[in-house]
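Everything numeric here is computed off the predicted structure, so don't read it as measured data. Letters A, B, ... mirror the listed sequences (proteins, then strands); counts begin at 1.
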There are 2 protein chains.
Amino acid sequence: MEDEHIIKKTALARKLGAFVDLSGAELSVLEGLHKQRRTFVAGCDLVRQGQSGQSAYILLSGWACAYKTLVSGQRQIVNFQIPGDFLGLRSVLLKLSDHSVEPVSDIEVTEVLLTDLLTAFTQTPRLATAIFWAVSRDEAMIVEHLVDIGRRNAAERMAHFLLELGARLSLVGMGSKEGYACPLSQYMLADALGLSSIHINRVLRQLREAGMVTFRNGFVAFQDYDQLVEFAEFDPVYLDQTRPLLPLQAAGKVHRTHGLASRPSIWRAHSN
Amino acid sequence: MEDEHIIKKTALARKLGAFVDLSGAELSVLEGLHKQRRTFVAGCDLVRQGQSGQSAYILLSGWACAYKTLVSGQRQIVNFQIPGDFLGLRSVLLKLSDHSVEPVSDIEVTEVLLTDLLTAFTQTPRLATAIFWAVSRDEAMIVEHLVDIGRRNAAERMAHFLLELGARLSLVGMGSKEGYACPLSQYMLADALGLSSIHINRVLRQLREAGMVTFRNGFVAFQDYDQLVEFAEFDPVYLDQTRPLLPLQAAGKVHRTHGLASRPSIWRAHSN
DNA sequence: CGTCGGCTTGAAGACCTTCAAATCAGGTGG
DNA sequence: CCACCTGATTTGAAGGTCTTCAAGCCGACG
């Protein structure tokens with residue numbers, strides 16, 4: 001149990017460690033943020049859209065997702081959280097939470113209080129910076145998700161999504177270039193990617209038959225990682241993981257995008 | 001000129017004032033964040049995707065947008081900024097900026113330094129909270145944008161978008177329930193809403209002929225505000241403006257969503 | 001052994017895109 | 001002053017991507 005505790009702590013610390021090396025003192029302040037430990041069952045919301053006074057959590061084990069529902073009953077999954085991620089952080093400052101958070105599998109979390117967070121910021125500036133970085137990175141992932149849905153077709157979208165998850169999981173030691181365990185159903189993928197579950201199924205088959213990636217029995221297996229990266233135009237800069245966590249051969253190629261934004265805007269005009 | 005300066009300052013202060021009443025001392029710290037004042041011409045990027053060491057700004061006048069470009073040359077506009085909004089805040093903590101920021105019209109900004117921001121946080125906790133709120137609200141808008149693109153059809157998406165802009169502009173005194181001046185071209189709307197510019201045109205006509213809203217000659221005119229709100233399922237909670245800034249008759253109706261998320265998850269299962 | 005949730009497949013149709021081209025307003029130079 | 005040019009808007013027609021409807025399959029579980 002104590003041993004397990006140490007392992008859990010590593011997820012967030014390891015993630016933040018990718019940004020700054022944290023001292024022992026900073027690590028113990030980080031540890032101090034973890035208050036009450038709680039468990040939630042899959043499908044039972046932690047945070048509810050439209051309610052006030054929600055609290056934030058740090059995810060220790062399992063997967064969760066943030067989503068919004070429309071009056072029509074449709075829902076859109078905004079992002080998925082894996083161990084080491086914050087849950088519901090945005091909703092603590094809004095009078096009413098703008099979204100819900102639901103465990104995908106059974107999860108363990110620790111509650112984190114806004115006041116503790118604010119005092120920690122004044123005490124340990126480097127930790128504060130690291131947490132700001134984590135929040136910015138979360139936002140960058142939502143933005144990339146927006147690009148996914150707005151400008152990529154179903155297959156590219158799926159490919160990009162699976163690659164991003166792989167990269168994130170690798171950072172906390174839960175995945176590799178080979179693949180990872182993934183508890184998501186095709187219905188969840190549909191709600192996340194803005195597609196119908198039927199089309200999700202077809203797209204997965206398409207990627208499998210193309211020999212790029214297989215998603216079956218709760219496991220994502222990359223068959224041709226590099227081809228998939230090229231197909232999805234996956235450029236992990238927005239994940240801000242300096243040293244390529246997956247030792248990519250294609251590292252040089254992957255970064256070809258960087259100069260692109262400095263093209264004169266003529267290049268973009270009237271593109272659609 | 002000095003008079004103009006006071007007016008500009010009000011945009012951010014007025015926005016934050018919607019969340020907490022700021023004291024004179026806090027307002028002067030806020031004022032102290034404004035460093036060098038700069039001007040940018042429409043179409044000339046302030047922040048460039050893939051570059052490092054970017055700075056953040058506060059927008060004083062004019063409109064800007066944040067966007068990402070794909071290697072295929074397509075682009076996705078993530079959000080639009082109006083006076084009182086931060087520009088490029090997310091990119092200051094990431095080693096490489098994940099997005100670009102471009103002025104839609106000629107704009108005036110003040111640069112804001114990360115170090116100033118951090119020290120201001122330790123000095124004036126209430127101001128810190130107000131700025132966290134503003135950042136959370138910006139994120140909530142991006143999330144709602146994600147829902148727009150993922151789960152609403154073209155007409156609903158456009159309607160929702162125009163209503164959100166109206167609500168935001170009203171908060172800084174640049175719009176009302178009647179309408180507002182809007183410098184966006186149909187190409188920009190297309191890049192923002194994940195549609196083709198041709199379809200944008202058709203959808204605008206559709207909404208105009210339905211008697212709900214007219215967008216012509218750089219001006220958005222709401223013809224039937226309430227009908228548009230209902231059509232778009234526009235629920236401004238995520239903008240977190242407690243007192244309804246536009247005095248809606250439909251206020252009671254608009255908030256009917258709140259209880260929705262507490263439905264058992266059976267209601268959502270297999271919805272698509 | 002029957003049922004239930006999740007996955008798979010087919011066929012028809014809706015929504016949106018692409019291609020193509022016309023109109024219109026503003027600005028520029030002859 | 002007017003012809004010309006450029007960029008933004010508008011409209012039509014054909015086609016593709018994805019959705020919806022419908023139904024069969026499979027493994028898990030009581």
Side-chain angles (χ1 to χ4, degrees), chain A residues 42-43 70 72-76 104-105 148-159 161 182-209 213-220 231 264-272, chain B residues 42-43 70 72-76 104-105 148-159 161 181-210 213-220 231 264-272:
Chain A
L70 304 184
S72 55
Q74 293 193 113
R75 76 164 177 172
Q76 175 67 49
V104 171
S105 56
D148 259 359
I149 295 182
R151 287 293 173 218
R152 283 189 248 262
N153 67 31
E156 293 166 351
R157 205 181 295 181
M158 175 68 78
F161 174 80
C182 177
L184 304 177
S185 71
Q186 294 187 357
Y187 293 103
M188 288 201 175
L189 290 173
D191 282 344
L193 299 180
L195 298 167
S196 68
S197 62
I198 291 154
H199 203 58
I200 291 289
N201 187 282
R202 288 194 235 273
V203 164
L204 284 176
R205 177 170 52 157
Q206 198 177 317
L207 292 176
R208 191 189 330 124
E209 288 175 353
V213 60
T214 300
F215 184 0
R216 269 187 165 157
N217 304 118
F219 200 87
V220 174
F231 175 73
S265 54
I266 292 107
W267 283 90
R268 291 189 316 267
H270 290 216
S271 60
N272 40 10
Chain B
L70 305 183
S72 55
Q74 293 192 114
R75 78 165 176 170
Q76 174 67 49
V104 171
S105 55
D148 259 0
I149 295 182
R151 287 291 172 219
R152 283 189 248 263
N153 67 30
E156 292 166 352
R157 205 181 296 182
M158 174 69 79
F161 174 80
C182 177
L184 305 177
S185 71
Q186 295 188 356
Y187 292 105
M188 287 199 176
L189 290 174
D191 282 344
L193 299 180
L195 298 166
S196 69
S197 63
I198 290 154
H199 203 60
I200 290 289
N201 187 282
R202 286 193 236 275
V203 164
L204 284 176
R205 178 171 51 157
Q206 196 177 318
L207 292 176
R208 192 188 330 124
E209 288 174 353
V213 59
T214 300
F215 184 1
R216 267 187 167 156
N217 304 117
F219 200 87
V220 174
F231 175 74
S265 55
I266 293 104
W267 284 90
R268 291 189 316 269
H270 290 215
S271 61
N272 41 12

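Here the C1' atom of nucleotide C/dC15 and the CZ atom of B/R151 are 15 Å apart, to the nearest Å. Rounding to whole angstrom units, CD of residue B/E209 and C1' of D/dT10 are separated by 12 Å. We find that CD of A/Q74 is positioned 10 Å from P of D/dT19, with the value rounded to whole Å. The separation between A/F219 atom CZ and C/dC7 atom C1' is 20 Å, rounded to whole Å. Between A/R152 atom CZ and D/dC18 atom P the separation is 14 Å, expressed in whole Å. Computed from coordinates, the B/I200 CD1 to C/dC16 C1' distance equals 11 Å when rounded to whole Å. Counting to the nearest Å, the P atom of C/dA14 and the CZ atom of B/R202 are 17 Å from each other. The separation between A/H199 atom NE2 and D/dG16 atom C1' is 11 Å, rounded to whole Å.
With D/dT9, C/dC16, D/dT10 as the choices, the nucleotide that has an atom nearest any side-chain atom of B/R216 turns out to be D/dT10. The side chain of B/R205 sits closest to D/dT11 out of D/dT11, C/dC7, D/dT20. Picking from D/dT11, C/dC16, D/dC18 the nucleotide with the shortest atom distance to the side chain of B/I198 gives D/dT11. Taking only side-chain atoms of A/Q186, from C-beta outward, the nucleotide of C/dT8, C/dC16, C/dT9 with the closest atom is C/dT8. Out of D/dT19, D/dT9, C/dT18, the shortest distance to the side chain of B/Y187 is found at D/dT9.
With a 4.5 Å cut-off on side-chain heavy atoms, A/F215 and A/I200 do not count as touching.
Distance CZ/B/R151 to CD1/A/I149: 8.0 Å, rounded to 0.5 Å.
Checked by atom type and distance alone, the side chain of A/R157 pairs as donor or acceptor with a backbone atom of A/L193 at under 3.5 Å.
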Is there a side chain to side chain contact (heavy atoms under 4.5 Å, CB included) between A/R152 and B/L70? Walk through the geometry before answering.
CA-CA 9 Å; A/R152 283 189 248 262; B/L70 305 183; 3.8 Å; yes
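For B/N201 and D/dT9, the shortest distance from a side-chain N or O to OP1 or OP2 is not below 4.0 Å.
Heavy-atom neighbours of A/N153 CG from other residues, nucleotides or ligands within 6.0 Å: above the threshold of 12.
At the heavy-atom level, A/G194 lies under 4.0 Å from the strands shown only through sugar-phosphate atoms.
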